[in-house]
Amino acid sequence: MELLKRARRLTWMMLAAAFALMWLLIAVACLAAFAGDRLSWWSVGPALAAAAGLTWVGLGLITRVMDRRYPTRQVVLAAVLAVVAAGVGGAEPMGWGYALVAWLSIATLHVPKRSAVLISAGTGVVAVGLAMLSLATGRSGMDAGMGVAEGLVSYTLIYAIWCALMPLTTRLWVWIWWLAEEAHAGREAHTRLAVAEERLRFARDLHDLVGHQLSAIAVKTELATRLSDVDAGRAKAEMAEVNALTRKALRELREAVRGYRELDLAAELNSVKGVLEAAGVRCEVRLPYREMPDGVAPVFAYAVREAVTNVLKHSTATYCDITIRFTEHEAELSVRNDGVVRHTALDLGSGLAGMRERLDAVGGRVTAQPGGDGEFLLTAVVSLPLAG
């Protein structure tokens with residue numbers, strides 16, 4: 001979830017950059033006009049007010065568009081403010097005219113491609129028209145002295161580039177954001193589905209293992225009740241069988257629960273890889289091609305969980321390598337990561353002690369020590385076949 005928030009924040013900032021650039025160009029235009037003693041406050045004041053209103057409305061539009069909404073009224077209001085800012089301030093492309101381009105960067109989001117092309121073309125026509133009007137009336141401070149034909153060619157070329165590239169860029173950013181959002185939603189749906197499937201599997205296992213015994217117990221109990229007044233001996237025998245079936249059902253129930261609670265190595269590796277990568281830690285997992293020896297997978301699954309917990313709690317890691325290998329005589333798990341301060345590496349809490357106890361129970365051993373360049377290496381080794 002934190003990664004998704006960061007992606008949303010980055011996308012919002014990239015879209016808002018158009019308005020930041022607008023203000024930079026406006027500032028340059030005002031300074032140039034002031035230096036040439038051509039700054040007219042009666043026009044700059046309303047233009048600044050319109051640009052401020054455009055910025056306020058535009059930043060709100062970014063949030064709404066990222067949420068897959070398109071408030072037409074706000075878009076139209078922003079268009080009016082952009083036209084006022086460009087028209088009153090002087091619509092040169094590298095100055096006040098960029099207000100129209102900033103508006104265009106938001107107006108073409110979340111609309112069909114055909115509509116985006118039409119909006120871009122219309123914006124370009126309006127921008128060139130306002131720029132030529134400013135040039136004709138002498139209010140185009142940055143382009144003073146430019147001829148009509150030269151101005152038309154120059155403005156058309158610059159605004160054509162702005163109006164072609166800006167919608168493509170902003171639409172690409174929003175498309176990437178929507179892809180990230182859909183991928184996150186799909187991942188959550190996959191997780192919920194996996195949990196639901198596991199619950200169904202557990203319920204099915206309990207029904208298959210215990211259901212038959214419980215049905216037999218119900219039948220024999222009812223039979224014993226009917227025989228209690230007729231044949232006490234048979235009733236007693238039936239109740240003895242009920243007792244045996246009950247003990248068998250309890251034993252199978254414990255076995256089912258024990259197997260259900262036993263950690264699955266493959267699932268655990270997938271889980272910790274996802275957690276690490278969500279935290280910005282590159283994770284590489286190297287596994288043997290052969291099937292793990294009996295009993296090793298649950299032991300290493302617990303060790304992997306504890307090791308990755310320590311990586312997240314006691315380091316600022318950028319990578320984590322998890323490797324499992326085994327021979328005929330022993331199996332080894334190693335977890336290597338960076339970003340560890342030496343004094344932190346010597347105090348890893350109770351998780352490492354619990355891991356050692358579990359490995360000791362099967363005749364294994366754990367070593368954990370810092371290496372060079374802030375690395376930390378945890379190794380768990382068990383002899384084969386497992387003891388106990």
CA sep, side-chain torsions, deciding dist, call: Arg171, Lys113, side chain to side chain contact (heavy atoms under 4.5 Å, CB included): CA-CA 10 Å; Arg171 284 170 70 91; Lys113 292 181 180 179; 3.7 Å; yes
[X] [atom1] to [Y] [atom2] distance, which is reported to the nearest 0.5 Å:
X	Y	atom1	atom2	result
Thr170	Leu15	OG1	CG	6.5 Å
Trp178	Trp173	CH2	CH2	15.0 Å
Glu284	Thr323	CD	OG1	9.5 Å
Ile119	Ser115	CD1	OG	6.0 Å
Leu61	Leu77	CG	CG	8.5 Å
Cys283	Leu269	SG	CG	8.0 Å

Please tell me whether [X] and [Y] are part of a single hydrophobic cluster in this structure, the criterion being side-chain heavy atoms less than 4.5 Å apart.
X	Y	value
Leu168	Leu118	no
Ile161	Met166	no
Leu59	Met13	yes
Val362	Phe326	yes
Leu377	Val340	no

4.5 Å side-chain heavy-atom contact, [X] and [Y]:
X	Y	answer
Arg247	Asn243	yes
Tyr70	Leu109	no
Leu21	Val101	no
Ile106	Val75	no
Tyr159	Val125	no
Leu276	Asn337	no

Can you name the nearest heavy-atom pair linking [X] to [Y], along with the distance?
X	Y	answer
Trp96	Ala85	CE3-O, 3.6 Å
Leu359	Val382	CD1-CG1, 3.2 Å
Met355	Tyr302	CA-CE2, 4.0 Å
Ala78	Val57	CB-CG1, 4.0 Å
Ala29	Gly95	CB-CA, 4.0 Å
Thr108	Ser120	CG2-OG, 3.9 Å

Arg8 with Asp67: basic N within carboxylate O range, under 4.0 Å: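 Asp67 and Arg8: salt-bridged.
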Salt-bridge contact Glu182-Arg68 (side-chain N to carboxylate O under 4.0 Å):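 Result for this pair is yes, salt bridge flagged.
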State whether the side chain of [X] and the backbone N or O of [Y] hold a donor-acceptor pair below 3.5 Å, judged by distance alone.
X	Y	value
Asp321	Arg336	no
Trp177	Met66	yes
Ser228	Thr225	yes

Candidates Asn270, Ile324, Leu333 - the one meeting side chain to side chain contact (heavy atoms under 4.5 Å, CB included) with Leu265: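 Of all the options given, the one that passes is Ile324.
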Residue pair Leu104, Trp162: steps toward the side chain to side chain contact (heavy atoms under 4.5 Å, CB included) verdict: CA-CA 9 Å; Leu104 178 65; Trp162 282 131; over 6 Å; no
Test side chain to side chain contact (heavy atoms under 4.5 Å, CB included) applied to Asn310 and Val335, step by step: CA-CA 11 Å; Asn310 284 335; Val335 180; over 6 Å; no
Test salt bridge (charged side-chain N to carboxylate O under 4.0 Å, His left out) applied to Glu332 and Arg325, Arg286, Arg365, the passing residue: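 Answer after filtering Arg325, Arg286, Arg365: Arg325.
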Residue Trp175 excluded, over 12 heavy atoms near CH2 under 6.0 Å: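 It does not: Trp175 CH2 has 12 such atoms or fewer within range.
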Residues forming a side-chain hydrogen bond (donor to acceptor under 3.5 Å, both in side chains) with Thr55, sequence neighbours excluded: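 Here the qualifying residues are Trp23.
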Which residues share a side-chain hydrogen bond (donor to acceptor under 3.5 Å, both in side chains) with Thr63, sequence neighbours left out: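 Testing Thr63 for side-chain hydrogen bond (donor to acceptor under 3.5 Å, both in side chains), a comparison that skips the adjacent residues, returns Trp12.
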Residues Val272, Glu268; criterion side chain to side chain contact (heavy atoms under 4.5 Å, CB included); working and verdict: CA-CA 6 Å; Val272 298; Glu268 197 65 29; 4.1 Å; yes
